[in-house]
Amino acid sequence: MKKLQLIQKIAEEGVVAVLRGETPEQVVEMAEQAIAGGIKVIEVTMTVPFALRAIETLARKYAWNAADPSAYAIIGVGTVLDPETARAAILSGAEFVVGPSLNRETVMLCNRYRIPVMPGAMTIKEIQEALELGVDIVKLFPGNLYEPSMIKAIKGPLPQANIMPTGGVSLDNLGQWIQAGAVAVGIGSDLTNEALKRQDFSLIASKAAAYKEAFLRAKAR
């Protein structure tokens with residue numbers, strides 16, 4: 001799928017599952033449950049040991065198939081600190097790249113290969129720099145430091161910025177973020193904590209379904 005189509009698809013799906021785990025097998029199982037629950041955008045973080053193995057497994061399983069488009073899921077990589085890591089993940093099948101901060105070289109590499117890149121930013125200056133580098137979606141991170149009203153504050157001087165808060169987004173405030181103008185939201189520990197505690201990953205599917213329902217409800221308002 002081409003870059004512009006991917007960006008549009010991420011915005012349409014609206015919820016990105018940010019997955020961390022102890023093994024690639026564990027993260028693959030988390031992703032499968034999240035996808036079963038309706039979250040079709042998966043971010044495998046590079047803090048996972050052998051994360052590229054998980055990305056490759058998921059990218060193969062959920063690759064685009066025109067004969068069955070409903071089976072498709074977008075698999076990306078997160079916690080990318082440098083262009084070397086980004087390139088390795090892209091070669092393993094990652095369709096988008098997310099970083100905790102703005103790294104110029106990483107953005108340039110992703111632009112070179114026409115891969116959506118979503119660097120983290122905390123200030124108007126960083127968001128402006130990201131836009132100047134050609135970033136299409138900026139991750140507001142850590143999102144738990146802000147209120148949803150921050151989106152309106154950003155879009156005052158930068159109405160063209162597409163903002164995706166990550167960190168601190170919950171079922172209670174997801175609707176507020178979307179109504180404030182967020183293009184999408186990233187969901188991390190809240191999606192998986194209970195499942196990990198109980199060692200029952202089916203809980204991820206039900207939680208994912210609740211997040212997707214909350215997103216669709218917010219978009220319909």
Side-chain angles (χ1 to χ4, degrees), residues 3-4 6-20 34 39-48 51 55 74-83 85-86 89-90 94-111 114-155 157-170 173-174 176-192 211 215 218:
K3 179 181 179 181
L4 293 178
L6 277 169
I7 293 167
Q8 183 177 11
K9 184 68 173 173
I10 291 169
E12 288 174 357
E13 292 294 333
V15 182
V16 179
V18 182
L19 301 180
R20 304 180 188 275
I39 295 180
K40 295 296 187 79
V41 187
I42 304 296
E43 176 189 327
V44 177
T45 68
M46 286 303 295
T47 55
V48 177
I55 291 170
I74 303 172
I75 310 301
V77 61
T79 321
V80 173
L81 306 180
D82 48 59
T85 302
I90 292 167
E95 292 191 274
F96 65 90
V97 172
V98 181
S101 62
L102 178 61
N103 180 276
R104 179 185 179 89
E105 289 74 23
T106 299
V107 173
M108 290 176 65
L109 179 134
C110 291
N111 286 342
R114 301 294 291 160
I115 298 293
V117 57
M118 309 175 201
M122 295 181 69
T123 66
I124 293 292
K125 183 176 186 293
E126 289 174 332
I127 295 170
Q128 180 179 327
E129 290 175 355
L131 295 176
E132 289 169 353
L133 288 171
V135 169
D136 295 289
I137 298 176
V138 179
K139 180 174 79 166
L140 183 64
F141 180 77
N144 56 359
L145 296 182
Y146 302 98
E147 298 292 333
S149 59
M150 180 63 173
I151 301 286
K152 183 178 180 180
I154 292 169
K155 285 183 170 289
L158 299 173
Q160 72 275 29
N162 292 317
I163 305 297
M164 181 180 74
T166 302
V169 178
S170 67
N173 64 23
L174 183 150
Q176 297 173 44
W177 282 109
I178 295 301
Q179 290 169 18
V183 68
V185 296
I187 309 297
S189 59
D190 189 58
L191 181 65
T192 58
Y211 269 108
F215 169 75

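No experiment lies behind these values; they were computed from the predicted model shown.
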Determine the minimum heavy-atom distance between [X] and [Y], stating which atoms define it.
| X | Y | answer |
| --- | --- | --- |
| Ala130 | Leu102 | N-CD2, 3.8 Å |
| Cys110 | Ala86 | SG-CB, 4.4 Å |
| Pro100 | Leu81 | CG-CD2, 3.6 Å |
| Ala34 | Ile42 | CB-CD1, 4.0 Å |
| Arg114 | Pro116 | O-CD, 4.0 Å |

Interatomic spacing from [atom1] in [X] to [atom2] in [Y] - rounded to 0.5 Å:
| X | Y | atom1 | atom2 | value |
| --- | --- | --- | --- | --- |
| Lys139 | Ile127 | NZ | CD1 | 13.0 Å |
| Glu95 | Leu6 | CD | CG | 5.0 Å |
| Tyr211 | Ile39 | OH | CD1 | 8.0 Å |
| Ile187 | Leu19 | CD1 | CG | 11.0 Å |
| Asn162 | Ile10 | CG | CD1 | 11.0 Å |

Using a 3.5 Å distance criterion without hydrogens, assess whether the side chain of Lys155 forms a donor-acceptor pair with backbone atoms of Ala161. yes
Can any side-chain N or O of Asn173 pair as donor or acceptor with the backbone N or O of Gln176 at less than 3.5 Å? no
Non-hydrogen side-chain atoms of [X] and [Y] separated by less than 4.5 Å:
| X | Y | result |
| --- | --- | --- |
| Phe96 | Val41 | yes |
| Ile178 | Phe215 | yes |
| Val98 | Thr166 | no |

Partners passing side chain to side chain contact (heavy atoms under 4.5 Å, CB included) against Gln8 (at least two apart in sequence or in another chain): Glu12
Checking Ala51 now: which residues fulfil side chain to side chain contact (heavy atoms under 4.5 Å, CB included) with it, not counting sequence neighbours? Val44, Met46, Val48
Partner of Asn111 under side chain to side chain contact (heavy atoms under 4.5 Å, CB included), chosen from Leu109, Val107, Ile115: Val107
side-chain hydrogen bond (donor to acceptor under 3.5 Å, both in side chains): which pairs involve residues 98-107, sequence neighbours left out? Asn103-Thr106
According to the side-chain hydrogen bond (donor to acceptor under 3.5 Å, both in side chains) rule, which pairs have a member within residues 128-138, sequence neighbours left out? Lys3-Asp136, Lys125-Glu129, Gln128-Glu132
What residues, two or more places apart in sequence or in another chain, satisfy side-chain hydrogen bond (donor to acceptor under 3.5 Å, both in side chains) together with Glu43? none
Using atom types as modelled, flag every donor-acceptor pair under 3.5 Å from a side chain in residues 140-153 to any protein atom, sequence neighbours excluded.
residue	atom	partner	partner atom	Å
Tyr146	OH	Met122	O	2.7

